[in-house]
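This report concerns only the one structure given below.
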Amino acid sequence: MLKDANILVIDDEAVIRDGCSRILTKEGCRVKGVENGEAGLDLITNKGESFDILLLDLMMPGISGMEVLDALYSIDQTLIVIVITGYATVESAVEAMKKGAYDFIAKPFTPDQLRIVVRRGVEKRVLQREAENLRKEREKSLKDIAYEKSRISTIINCMVDGVLVTDRDSQIVLHNPAATRLLEIENLPIINKSLCQCVKNEYLVKAVATTLSTERSKYLEISQEITPCEGSARVFLRADTAPVLNEDGEIMGSVTVLHDITQEKELNQMKSDFLTMVSHELRAPISAIQQQLSVIEGGMAGLITEKQGKMLIRAKERTKGLLDLINDLLNVSSIDSGIVVQHKESIVLKEIVERAYQLMEPEAEVRGIKMRLETSGPLPPVNADRENMEEVFTNLISNAIKYNVEGGGVVITLRSEGEFVRTDVTDTGIGIPEKDLPRIFDRFYRVKDSQTRTVIGTGLGLSIAKGIVEAHHGTINIKSEEGKGTTVTVLLPKASE
Amino acid sequence: MGKMPKILVVDDDPDLVESVKMMLENKNYEVITAYDGIEGLQKTKEESPDLIILDVMMPNKDGYSVCAELKADPNYNNIPIILLTAVVSHIPTTTYTQRMGMEIEADDYIDKPVEPSELVKRVDVLLRKE
Ligand SMILES: Nc1ncnc2c1ncn2[C@@H]1O[C@H](COP(=O)(O)OP(=O)(O)OP(=O)(O)O)[C@@H](O)[C@H]1O
């Protein structure tokens, strides 16, 4: 404890100085001695030396110990001074302690007494230092927090996207200029005002309320397209609302990020107009060709040979493939441009799957494949685009039939699983070789072997399905064993109440 | 044996009209043709067909309008109408008409390209209902 303590002894008696020095040096202290107050003050004030403990004689020629005390405390209040006094002058020791001296020791003293008194002083000094460090640290972290805060608000304020944070009661607690600009809020300030007072779009207000209201929304992010105020169609925003959680996972508030998509929408519109035009231009002649081929092949334009008939059938399959490709391309580009999930609504997935099932039933029958649809337990609705979902499940069921074997089976099951509604489409078909599985969701990827060669397809179906499911914050997975069959699993998040 | 039913085929694409005509004539139906909406309405009034096959996308009045007009006219609203649609195949026609913002009262829909057997089947069903 005493090790490395810096000690200054100010005493006119050399015996005391030497004695202190000898005793304390043995304990590992560094000890300096001076014979009067002036020399002591000189060391500290002018030479800038610092000491942990000062042993100070009160009765000295020249300036008195009391004066030294006054002078020292005016510079450094934390200095620990132990006063050395004679028996007769205990009162002055008391006075010195009133001034701030830490302790006193009476002459003559034994080495043990000195050691005890100095040790106490050093302990005090250590505590003092620790307290000082703690204080400094606190100051620093307060500064850090203030800095962090200003940094975050600088970042938020510079963002082009709007940020709007509310507390649990839908009161606005934080926002940036972009948010008020995008939402066309005029009556500033809006801090501490309730959201419905400031924001004119009721869908946004509703989304925040939903986010705050249910426990389940912890996992949900609500993404929607809105206009700043209802009816205005000049500006379009994408608003993503998510809950803000504390460490215990409780909902503390909500955060909404607003992104201006006006231009994107305009471009999308142009793109989709263009695509619609091109597709019509392509579809019309191909449809005509296909129809003409049908007429010839059907013998309605005169008799044809068996050979010609076979070729015509093949030609029809090719034109059919082209038409499917055009349809799929239209779908892919609409998914790419992100215009698909506009019509999200609460839908009952079972109805969609049933429709797709009925649509594909005749085809299964033709191929002699048994289909079954099973649901277990109650199924909450999902938040999804109806057409998209029809597209996904028609494709999955169609695949399960197309890549099946004579007399094979298809089972579709629907059930609730955690936060999701789970759909499995299982077939007992040809399966997918392991080497093809990693790329099966890639665009235009098709398994190429003797069994799939005769099946017409574009290799787009699964990539479209994946795009759609993921745009709905869901997942799609495929498990397959060659020669045994395939299961495609789709998880879609349940709609929040 | 009675007279074979008369069917009006309306489409702006002559090749399509021709092939549909052959499909129907092959089944001994009498087929008359028109190449746009206005001509289609005119032929309907002149010839009183027993069934009309109407393309949706046409110049001079599209198929929807022709259909709506005929269905609103008590003289003609009992003639069955089949609309030829060129919609992305998987998406059901209902969503298409919903998108167009109107209720279409066609008696049936067939996606283009038309399969002969499918067309004949649907035509037979509608004419038998008479
Ligand atoms: N249930 C299944 N069983 C076996 N193979 C499958 C199954 N589903 C998909 N595949 C394989 O994955 C490939 C990609 O499927 P995808 O649905 O993307 O395209 P496609 O069926 O070729 O064409 P389309 O776009 O017309 O559906 C298929 O070519 C097929 O080889």
Check the surroundings of atom NZ in B:K6: do more than 12 heavy atoms from other residues, nucleotides or ligands lie under 6.0 Å from it? yes
salt_bridge(A:K316, B:E115) N-O dist < 4.0 Å: yes
I'd like to know if the side chain of A:Q291 reaches the main chain of B:P113, judged simply by a donor and an acceptor atom lying under 3.5 Å from each other, with no hydrogens or angles considered. no
Can you give me the closest heavy-atom contact between B:V114 and A:S294, atom names plus distance? O-OG, 4.3 Å
Taking CD in A:E365 as the centre, count heavy atoms belonging to other residues, nucleotides or ligands within less than 6.0 Å. Is the count above 12? no
Considering only heavy atoms, give the residues of residues 296-306 of chain A separated from chain B by less than 4.5 Å, sorted numerically, with 'none' for an empty result. A:M300, A:A301
Side chain from CB out, backbone as N, CA, C, O: work out which of these in B:D15 comes under 4.5 Å of a heavy atom of chain A, or both, or neither. both
Take atom NZ in B:K71; do more than 12 heavy atoms of anything else shown fall under 6.0 Å from it? yes
Side chain / backbone / both / neither for A:I289 at chain B, heavy atoms under 4.5 Å: neither
Here the pair of heavy atoms bringing B:L16 nearest to A:A288 is CD2-CA, 3.7 Å
